[in-house]
Each structure stands twice: as C-alpha cells, then as structure tokens.
Peer 1: 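Below: one structure in structure tokens.
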Amino acid sequence: MKKSNFANWKKHGFEYFSIFIAVLSAFVLNNWNENRRDSNSESKILIEIANGLEKDIVDTKLNIKGHKAGISASNYFIQVINNKKVNTDSIMMHYQNLTRDFVSIQNIAGYETLKSKGLELIKNDSLRLSIISLYEYDYNILKKLEEEYTEMQFYKNYFKEINDQLAPNFLVNSDGSISSINFPLEIQDTERKKLLLYLWKINDNRSFILNYYTQVEKKIIQIREKIKKEINIK
C-alpha cells in the first residue's frame with residue numbers, strides 16, 4: 001500500500017508540476033507578447049510624435065519670422081511718424097506686416113494617440129513628462145497668446161486707429177496702388193503720440209511672445225532628440 005500510494009503521489013505530483021509549468025509558461029509567454037506589443041506601440045507612437053514635432057518646428061519658425069517682421073514694421077513706422085528718412089519702396093510690405101496676426105498650429109495626432117493608449121505606455125519617465133508638459137502646457141499657452149489673449153490681437157486692436165491717421169498721407173498711383181507716403185506727415189501732435197504708443201505696445205507684445213516661442217522651440221528640439229535616442233532613429 002505504501003509503495004502504491006507513493007507511486008500515485010509521484011504520478012499526480014508530476015502531473016500537477018507539468019500543469020504548473022504549462023500555466024507558468026503560458027503566463028510568461030503572454031506577458032512577453034504584451035510587453036512586445038507595448039514596445040512596438042510605444043515606438044510607433046514616438047515616431048509619430050517625432051514627425052509631428054518636426055512639422056511644429058517649421059510652423060514655429062514661421063511664426064517667429066512673422067513676429068520679427070512685425071517688429072521691423074513697427075520700427076519702420078516709428079521713423080515714418082517721426083518724419084525720418086526711410087526707404088518708401090518697402091512701405092506697403094511693412095504696412096502689411098505691422099498688424100498681422102498669427103495662429104499657433106500644432107500637430108497633435110501622435111500625442112492624442114498616446115493619450116488614447118495610455119500615457120504610461122512611454123516607459124521613460126523623463127521623456128513622458130517632457131511630452132506631457134509640451135502638449136498640455138506650452139502649446140496651450142502659445143495658442144491662447146496668439147488667438148485669445150486680447151493684447152495680442154494686433155489687427156483688431158490697432159489697424160483701424162493706425163490706418164485712420166496714415167491713410168490720408170499715402171500717395172496713390174493712377175491704378176490705385178500705393179506708391180509712397182507724403183512727408184512730413186499731416187498728423188496732429190496728440191494723434192502722433194497715440195500712434196507712437198500703439199507701435200511701442202505692438203513691439204512690446206511681439207517681443208514677449210517671441211521670447212516664449214524661443215523657449216518652446218528649444219523644448220521641441222530637445223524632446224525630438226530624446227525620442228530619437230529612445231528609439232534609435234536618425
């Protein structure tokens with residue numbers, strides 16, 4: 001009986017052990033497959049985010065260039081209003097840039113995909129936090145500054161006031177195009193001071209947003225470099 005019981009225990013014990021190994025192997029394999037899928041998903045999403053950031057850099061540089069042109073236009077018309085000698089051939093280019101507004105375009109498809117999959121999909125804590133900060137904080141501030149913040153709406157705030165004073169001084173060709181501007185400007189001293197204050201305010205606000213754009217541009221470049229290192233892409 002003892003030999004029989006030992007044989008049965010040995011037989012069943014081997015069967016239980018075999019089942020345990022099979023279940024454990026299935027669990028490990030399933031876990032490995034899940035980790036592999038997560039790793040593949042992480043790489044694909046990071047590539048998508050990196051591609052979006054590359055486009056964001058281009059859009060950011062265009063807006064930076066536009067605001068710099070706006071500052072140049074303000075400085076140009078400060079000279080005009082003060083009856084200083086300027087190159088009048090470029091007057092309409094500067095006039096167009098003076099109160100031009102911009103929109104903040106962000107390519108967020110990759111980040112939205114990441115949020116739908118779960119932010120924790122990105123294993124690198126530092127990279128994950130940098131991406132979240134850029135999309136949830138920096139991009140939102142840029143959008144608000146460009147499109148919602150009252151002081152930054154240059155066309156709405158300043159175009160009519162400036163145009164009312166400068167338009168009577170423009171010289172118009174027979175075809176209706178603006179050729180130059182009459183010097184000295186026929187503007188009352190009070191209105192001249194108002195125009196100078198408007199131009200100062202435009203310069204100040206454009207300088208403020210340019211400073212923020214410069215910071216965000218650096219962050220975009222840094223995050224893209226981190227992503228490239230994380231997934232070993234060129």
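Hydrogens, waters and symmetry mates play no part in the numbers below; they use all other heavy atoms, side chains included.
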Peer 1: When you measure from the side chain of Asn87 to the backbone N and O of Asp89, does any donor-acceptor pair fall under 3.5 Å?
Peer 2: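 Checking the backbone N and O of Asp89 against the side chain of Asn87, a donor-acceptor pair under 3.5 Å is found.
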Peer 1: Under the 3.5 angstrom rule, does the side chain of Ser116 hit a backbone N or O of Thr113 as a donor-acceptor pair?
Peer 2: yes
Peer 1: Quick one: are Ser177 and Met92 in side-chain contact, heavy atoms under 4.5 Å?
Peer 2: no
Peer 1: Between Ile108 and Val103, is there shared hydrophobic-cluster membership here, with clusters defined by ILVMFWY side-chain heavy atoms closer than 4.5 Å?
Peer 2: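 Hydrophobic grouping puts Ile108 apart from Val103.
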Peer 1: Does a donor on one side chain sit under 3.5 Å from an acceptor on the other, for Tyr139 and Asp56?
Peer 2: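 Present: a donor and an acceptor within the cut-off.
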Peer 1: Counting only N and O atoms by type, is there a donor-acceptor contact under 3.5 Å from the side chain of Ser179 to the main-chain atoms of Leu171?
Peer 2: yes
Peer 1: For the side chain of Gln153 and the backbone of Glu146, is there at least one donor-acceptor N/O pair under 3.5 Å apart?
Peer 2: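 Between the backbone of Glu146 and the side chain of Gln153 there is a qualifying donor-acceptor contact (under 3.5 Å).
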Peer 1: Parallel, tilted or perpendicular for Tyr198 and Tyr158, by the 30°/60° rule?
Peer 2: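 Tilted, since the angle between the ring planes falls between 30° and 60°.
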Peer 1: Is it the case that the side chain of Asn163 and the backbone of Phe159 share a donor-acceptor pair, with hydrogens and angles ignored and the cut-off at 3.5 Å?
Peer 2: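 No.
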Peer 1: Between Asp138 and Tyr212, is there a side-chain donor-acceptor contact under 3.5 Å, judged purely by atom types and distance?
Peer 2: yes
Peer 1: Answer yes or no: is there a side-chain heavy-atom contact under 4.5 Å between Ile49 and Leu134?
Peer 2: no
Peer 1: Does the pair Glu217 and Lys61 meet the rule for a salt bridge (Lys or Arg N to Asp or Glu O under 4.0 Å), with working shown?
Peer 2: CA-CA 8 Å; Glu217 183 184 23; Lys61 288 184 181 297; 2.6 Å; yes
Peer 1: Run Asp59 and Asn107 through side chain to side chain contact (heavy atoms under 4.5 Å, CB included) and show every step you take.
Peer 2: CA-CA 10 Å; Asp59 293 328; Asn107 298 274; 3.8 Å; yes
Peer 1: Kindly indicate whether the side chain of Lys115, heavy atoms from C-beta on, has any atom under 4.5 Å from the side chain of Glu136.
Peer 2: yes
Peer 1: Are Tyr135 and Leu114 packed together at the side-chain level, in the sense that at least one heavy-atom pair is separated by less than 4.5 angstrom?
Peer 2: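 Heavy-atom side-chain distance check fails, nothing below 4.5 Å.
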Peer 1: Is there a side-chain contact between Asn169 and Val80, using heavy atoms and a 4.5 Å cut-off?
Peer 2: no
Peer 1: Any link between Val216 and Tyr149 through a network of hydrophobic side chains (Ile, Leu, Val, Met, Phe, Trp, Tyr) touching at under 4.5 Å?
Peer 2: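 Yes, it is one cluster - the side chains of Val216 and Tyr149 are joined through contacts under 4.5 Å.
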Peer 1: State whether the side chain of Asn211 and the backbone N or O of Ser207 hold a donor-acceptor pair below 3.5 Å, judged by distance alone.
Peer 2: no
Peer 1: Does a salt bridge link Glu230 with Lys123, judged by any charged N lying under 4.0 Å from a carboxylate O?
Peer 2: no
Peer 1: Taking everything shown except Glu148 itself, do over 12 heavy atoms lie less than 6.0 Å from its CD?
Peer 2: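 Check passes, neighbour count above 12.
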